[in-house]
Amino acid sequence: MATKLTRSNGAGWAFALPGVFLIAMFIIVPFLFGFWFSLTNQRLVSPNPTQFVGIENYQNLLGLAVITIEPERDDKGQVVRDDKGEIAYPRVRTITRSDAYPQYSGMREWFRWQWGDNANVVIASDVVFMKALANTFIFVLFIVPLQGGGALLLALLINQKLRGINAFRTIYFMPVVISIVVISLLWRFIYDGSDGLLNNILNVLSFGLFQPVDWLGRTDTALGAIIVMSAWQAVGFHMVIWLSGLQTIPPTLYEVAAIEGASGWQTFRYVTWPGLRNTAILVLIVITMQAFALFSQIDVMTKGGPLDATQTLVFQAVERGYGKQDISGGSAISVILFFMVLAISLTQRFLTRERKYG
Amino acid sequence: MAHVKLTSVRKSFGSVEIIMGVDIEIDSGEFVVFVGPSGCGKSTLLRMIAGLEDITSGTIEIGGRVVNDLPPKDRSIAMVFQSYAIFPHMSVRENVGFGLTIKGVDKAEKEKKVLEAARILQMENLLDRRPSQLSGGQRQRVAIGRAIVRDPSVFLFDEPLSNLDAALRLDMRMEIGKLHQSLGASMIYVTHDQIEAMTLADRIVVLKDGQVMQTGTPMELFHNPDNLFVAGFIGAPRMNFFEVDAAPVGNGAYRIGAPDVAETVVTAKKPLPEGERAILGIRPQHLSLIDDAGAASADQGVLTGKVALVERLGTETIVNLSLPSGAVLIAALDGDNPVAMGSAVTLAYARTDAHLFAKE
Ligand SMILES: Nc1ncnc2c1ncn2[C@@H]1O[C@H](COP(=O)(O)OP(=O)(O)OP(=O)(O)O)[C@@H](O)[C@H]1O
Ligand SMILES: [Mg+2]
């Protein structure tokens, strides 16, 4: 059936062809391949034929369970303690490798917590994936307020008619136009454990009291270091979005606030912030989506280490697919990520829908 | 005693002087309208009174207090903007009570004042709506409500009706007039619509290029314009102007003559500069049809022309005439005048109704 789209606009389609072809080649086809691979045992290079394995890849990634382990007891029923007085538990292996618990087979400990004398142990089929998932969420959770709030603060400061304000705009925006790889390399020097800029500055500020920290080499600081650096890098971009939002607020509304004698905070609360509602949603969603795709910084700065402390979903997907040649596993991670991001954009659509007031 | 008093007020934006020395006194409870062409500085002047724009030099007093350096909130003013400036995310109730929210007035008190304002403006039924659900007139009502709640001693209006359609404008105009009567506060109202100015004002201030051209009651301005600008600005249709030769005949009177105007004697309000040509002004309403030049009485002047266009408005008939020199004359005749297109007519005016100005 001829529709407006197909009828007598051959020229139009001819013009669209190169673009459509490229999008299909590099986005749509790989996307469909990814879906398919995630349901097979496809490897990057393999002599064996590919087999359909259903949701096995997903099971291998998402398998998660909590087991409770009772402490070891001696003949009298007393809890056994080691030299330091810590309660001794049987090894998790005794369960995950036991034929009595086939459902836990192959799983490893992710983390545990104590409950009375017992220990609750969370075991996962794929501990590295779980760490990547958790790290990604932590990254998102911190970067959204840090980057979004920081950018808003800068935008408010910069949205003033002062001499030379454009110089500041340029400075804050500069990191955005520099490649993230270059920035990651630079920050690796800044964070350097022995002679890095950050350690030197802290040392000077504390009159030599501060002991150098290997920011990227410690499990408790590595992710934080990457969060701070990432927030700094894109803060200028979101500042510009906030600025455009600020400039859509009619100046007369501020004049009304001035006539009523609103304080700075009241003006922000009643005029600025409500006027930024849609901008806020946009900024939030953009930051969140970018945060879920965290890869380059990790690849350049830590490669997921130390001890998987900075593993992320995209880094894992790439590492598996190309590093370990496990294309199907990498694809499964990508698909999971896709659904998470999809859920977020649907939330955005929901939040920004045209609301009817009664 | 003057309630609002402007003394030698000047304002420059950068090197451009926009307000060039304005003196205005407004009495307590008076309704004063600033009129003038676009860009003459009306809004700027109003915003200076409000405190939204600082004053380059001069003083502004409100209630006997110099307010040059007071912030807007301490000037006992409320302002209504052309763009309404109501908050889209707040209900009408919240918008009207905004000032009280800012002051932290308690709920019951706030509700009482909001209801009172809503009652005055007859919009109690709108209180729970959002601005997006209101018509332009209703939005402006909300903005006026917010001003009423402030309980100011001076209301400032900056073209509040310009965004409304003609019928609504008329309604709201009357409403603002009534509001002035019931509140008794001083009002300063900016417009470039002279009908609004004529109907609302106790006194009109005509501005041009940042200067006061004339101040007076609407009828003073209509009957006794000080200068060519005010004469042309006030009154619709516009006053007819002719360049004439004027020879003084004593007592402020001049014998005038021009291609289109029969020779006669007219008195000028102010002496004309010697030896220069003058401008004769005749209002369209002051022209009437006569049979021929011979029928004119001694205190009438006469014009002749050919009818080029007739507009019948019912209440009056607007006639465009082309004069011998090719100039166009507009006459406002009575409603049922049978004057026909293309006919040659003779018009008379009372010499006392004619205005004589120096050529600018
Ligand atoms: N912030 C400003 N900076 C520079 N020039 C300004 C500023 N505000 C107003 N002006 C100038 O001052 C002059 C008077 O402006 P104003 O808004 O007072 O005119 P207005 O009489 O209210 O005109 P309108 O009838 O169009 O509203 C204009 O020429 C305008 O360009
Ligand atoms: Mg204006």
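Predicted model, so just to flag it, every value in this text is computed and none were measured.
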| NZ of K113(B): more than 12 outside heavy atoms within 6.0 angstrom? | no
| query | Take atom CZ in F15(A); do more than 12 heavy atoms of anything else shown fall under 6.0 Å from it? | reply | no
| said: For a 4.5 angstrom cut-off between non-hydrogen side-chain atoms, does R75(B) reach I259(A)? | reply: no
| said: For F81(B) versus E255(A), what's the shortest heavy-atom pair and its separation? | reply: CE2-OE1, 3.3 Å
| N-O pairing of K103(B) and E260(A) below 4.0 Å | no
| task | Could you list which of residues 262-269 of chain A have a heavy atom closer than 4.5 Å to any heavy atom of chain B, in residue-number order? | result | A262(A), Q266(A)
| field | Heavy-atom pair count under 4.5 Å with chain B, highest-scoring of A257(A), A258(A), P250(A) | value | A258(A)
| message | Just checking F295(A): does its CZ atom have more than 12 heavy atoms from other residues, nucleotides or ligands closer to it than 6.0 angstrom? | response | yes
| request: Determine whether more than 12 heavy atoms belonging to other residues, nucleotides or ligands lie under 6.0 Å from atom CZ of F168(A). | output: no
| remark: Assert top hit (heavy-atom pairs under 4.5 Å, partner chain A, pool F87(B), Y84(B), F98(B)) equals F87(B)
| query | Where the side chain of H89(B) meets the backbone of Y270(A), is there a donor-acceptor pair that is under 3.5 Å apart? | reply | yes
| Are any non-hydrogen side-chain atoms of R146(B) and V256(A) less than 4.5 angstrom apart? | yes
| query | Are any non-hydrogen side-chain atoms of L253(A) and I86(B) less than 4.5 angstrom apart? | reply | no
